[in-house]
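Everything on this sheet refers to the single structure shown next.
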There are 2 protein chains.
Amino acid sequence: MSTDADTTPQRIIEAAGEIFAAKGFEAATVREICTRAEANIAAVNYHFGDKQRLYIEAVKRAHHGRELLFPMPEWGPEVTAETKLADFILTLLKRMTSPDSGWEGELMSREIARPTEACAELARESIRPHFAVLNEILAELIPAADQLERHLTAFSIVGQCLHYKFADPVIRQLVSAEEYEGYHVELLAQHITDFSLRSLRARADNHKPPARR
Amino acid sequence: MSTDADTTPQRIIEAAGEIFAAKGFEAATVREICTRAEANIAAVNYHFGDKQRLYIEAVKRAHHGRELLFPMPEWGPEVTAETKLADFILTLLKRMTSPDSGWEGELMSREIARPTEACAELARESIRPHFAVLNEILAELIPAADQLERHLTAFSIVGQCLHYKFADPVIRQLVSAEEYEGYHVELLAQHITDFSLRSLRARADNHKPPARR
DNA sequence: CTTGATTTCAAACAACTGTTTGATACAATC
DNA sequence: GATTGTATCAAACAGTTGTTTGAAATCAAG
């Protein structure tokens, strides 16, 4: 029995991911999941215990799949911090809004928006290391900043990326169809990198926030 | 019969807002709503038709309340574009994450994250004018930018603000309790304004995006 | 007070939920 | 071939859901 065989639990976890992502935990029914997985209704409880356990497994699999598909690059010592930041943004964006992603990104964002108590821990463990990586990059780019400013800056960068996932249905209504059509990952990553690097360079030069009013 | 009287539909719409915000549309039950509103179970169907219509009314009321509580300031001709941007960011942040907000912000963000087909129109109509205002401000700040760049820049700014609403439970896990305690609206607005204005000024000076790699 | 419409209420409704059951089929082991 | 443990299945389970019903209560005129 190979690990990626077309076994019943595998088919269920796959169908569960799609339907949980499309409808959320409450609205998704195990009947629909089992129908799509071509399995019996009792299969969910037999193989996973209950609906919630299946949900957790689906989320885990989703995250694992994203991590495998779009891994954070390992940078050598010669790579500049600016390039690292560009890579970081591109990778994050790819994970969030990959055109052929399917349901995984949707599921992850839904989970972040309303974290199940059982999954909060997973989200924490998977997000925290990325947050640490970004903070190390920022420590190189704006060494004069203290931890608070580094954190807020990290949130500014991550926020720009996640926005295209969270607010996607709204964005679709705000710009023309042709313009939205052109929103490829590379374009968005380029813009966010440019926008952020301009700010970071100015911050590094000035050693002070700009005067206001 | 005064408009803000303690009438049954009013009590129901209020309880509905709280519970929809806390649990989402599917998980919220009309029984719980009616119990909290101290109304009979049949009251929802009698006064609103069905559960979905009640949900729409609750979202409408939520948005109306936020708009009244934190109105966009009307700027005179002497106000600089930088000040307008600072005001815009502060207002947006206040609406998203006001400490005494109660349920309205939660309900709005939930609606943005997964818009009900019936509410998409409302979200569109309420967000589009704000998006237009921000674009006018950006047209003043980076006149050399074309529409695409203005739009992406607008999303960069809005994304930074909304992040503190959407990702709040995650943010809480990433920074220490004391640091999170200090995340007041004014501090966040100040940072986002600084971060963005630095970038916009550099863009206005350079007339070109910065070179990369 | 009487009338007539509006609002409230307890009870029941039909439909659907996640879950359990016990029988059945299947494979491997002795 | 009998036995054992696993997997699948149709059927039923108990509970909850949104909604409906028809009678009682309430209220505003005539």
Side-chain angles (χ1 to χ4, degrees), chain A residues 1-61 103 107 110-111 114 116-119, chain B residues 1-61 103 107 110-111 114 116-119:
Chain A
M1 150 178 159
S2 98
T3 167
D4 57 347
D6 189 44
T7 169
T8 302
Q10 295 266 354
R11 268 181 294 125
I12 287 181
I13 227 176
E14 204 157 324
E18 298 175 23
I19 294 178
F20 279 138
K23 304 192 161 188
F25 178 76
E26 330 275 356
T29 72
V30 301
R31 275 174 174 81
E32 187 179 353
I33 290 171
C34 289
T35 301
R36 181 173 305 199
E38 297 185 52
N40 188 270
I41 319 168
V44 162
N45 301 76
Y46 179 77
H47 290 284
F48 298 94
D50 56 8
K51 185 187 178 185
Q52 178 140 351
R53 221 97 48 120
L54 169 62
Y55 179 72
I56 294 174
E57 290 306 314
V59 172
K60 276 187 183 169
R61 194 192 128 102
W103 52 276
L107 184 55
R110 192 181 290 279
E111 181 57 28
R114 181 156 66 108
T116 316
E117 77 251 34
C119 284
Chain B
M1 151 180 162
S2 101
T3 167
D4 58 346
D6 189 43
T7 169
T8 302
Q10 295 265 353
R11 267 179 296 126
I12 287 181
I13 228 177
E14 204 156 327
E18 298 175 25
I19 295 178
F20 278 139
K23 305 192 161 191
F25 178 76
E26 332 275 355
T29 73
V30 302
R31 274 175 175 81
E32 186 178 355
I33 291 170
C34 289
T35 300
R36 178 172 307 199
E38 297 185 53
N40 188 268
I41 319 168
V44 161
N45 301 74
Y46 179 76
H47 290 285
F48 297 94
D50 58 7
K51 186 186 179 185
Q52 176 140 351
R53 220 96 50 118
L54 169 62
Y55 179 72
I56 294 173
E57 290 306 313
V59 173
K60 275 187 183 172
R61 194 192 127 101
W103 50 272
L107 185 54
R110 192 180 284 279
E111 183 56 30
R114 181 156 61 112
T116 318
E117 78 254 30
C119 283

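Throughout, a chain's letter reflects where its sequence line sits, starting with A, and its residues are numbered from 1.
Between N40(A) and the phosphate of dA10(D), there is a side-chain N or O to OP1/OP2 separation shorter than 4.0 Å. For T8(A) and dT8(D), the shortest distance from a side-chain N or O to OP1 or OP2 is below 4.0 Å.
The nearest whole Å value for the distance from the CD1 atom in I12(A) to the P atom in dA7(D) is 12 Å. Atom pair R31(A):CZ and dC13(D):P shows a separation of 14 Å (rounding to whole Å applied). Spacing between atom CG of N45(A) and atom C1' of dT8(D) amounts to 14 Å, rounded to whole angstrom units. Atom CG in D6(A) sits roughly 11 Å away from atom P in dT8(D) (whole-Å rounding). Atom-to-atom, NZ of K51(B) to C1' of dG18(D) comes out at 8 Å; the value is rounded to the nearest Å. Rounded to an integer number of Å, the gap from I33(B) CD1 to dT16(D) C1' is 15 Å. Rounding to whole angstrom units, OH of residue Y46(B) and C1' of dG22(D) are separated by 14 Å.
For the pair F48(B) and I56(B), the minimum side-chain heavy-atom distance is 4.5 Å or more. Between R11(A) and E14(A) there is no side-chain heavy-atom pair separated by less than 4.5 Å. At a threshold of 4.5 Å between non-hydrogen side-chain atoms, the residues L54(B) and I33(B) count as touching. Using a 4.5 Å cut-off on side-chain heavy atoms (C-beta onward), D6(B) and Q10(B) make no contact.
What you find for A43(A) and I12(A) is that their closest heavy atoms are CB-CD1, 3.5 Å. Closest heavy-atom contact between A58(A) and F20(A): CB-CD1, 4.4 Å. Nearest heavy-atom pair across N45(A) and I41(A) is OD1-O, 4.2 Å.
Every pair passing side-chain hydrogen bond (donor to acceptor under 3.5 Å, both in side chains) that includes a residue from residues 29-41 of chain A is listed here, sequence neighbours excluded: E18(A)-R36(A), K23(A)-E32(A).
With hydrogens and angles ignored, the 3.5 Å screen pairs a side-chain donor or acceptor of K51(B) with a backbone N or O of F25(B).
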In dot-bracket, 5' to 3', how would DNA chain D read with Watson-Crick or G-U wobble pairs under 3.5 Å, [ ] for crossing ones and | for pairs to another strand?
-> |.|||||||||||||||||||||||||.||
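Here the range on DNA chain C touched by chain A, meaning any atom under 4.0 Å from one of its heavy atoms, is dT17(C) to dT21(C).
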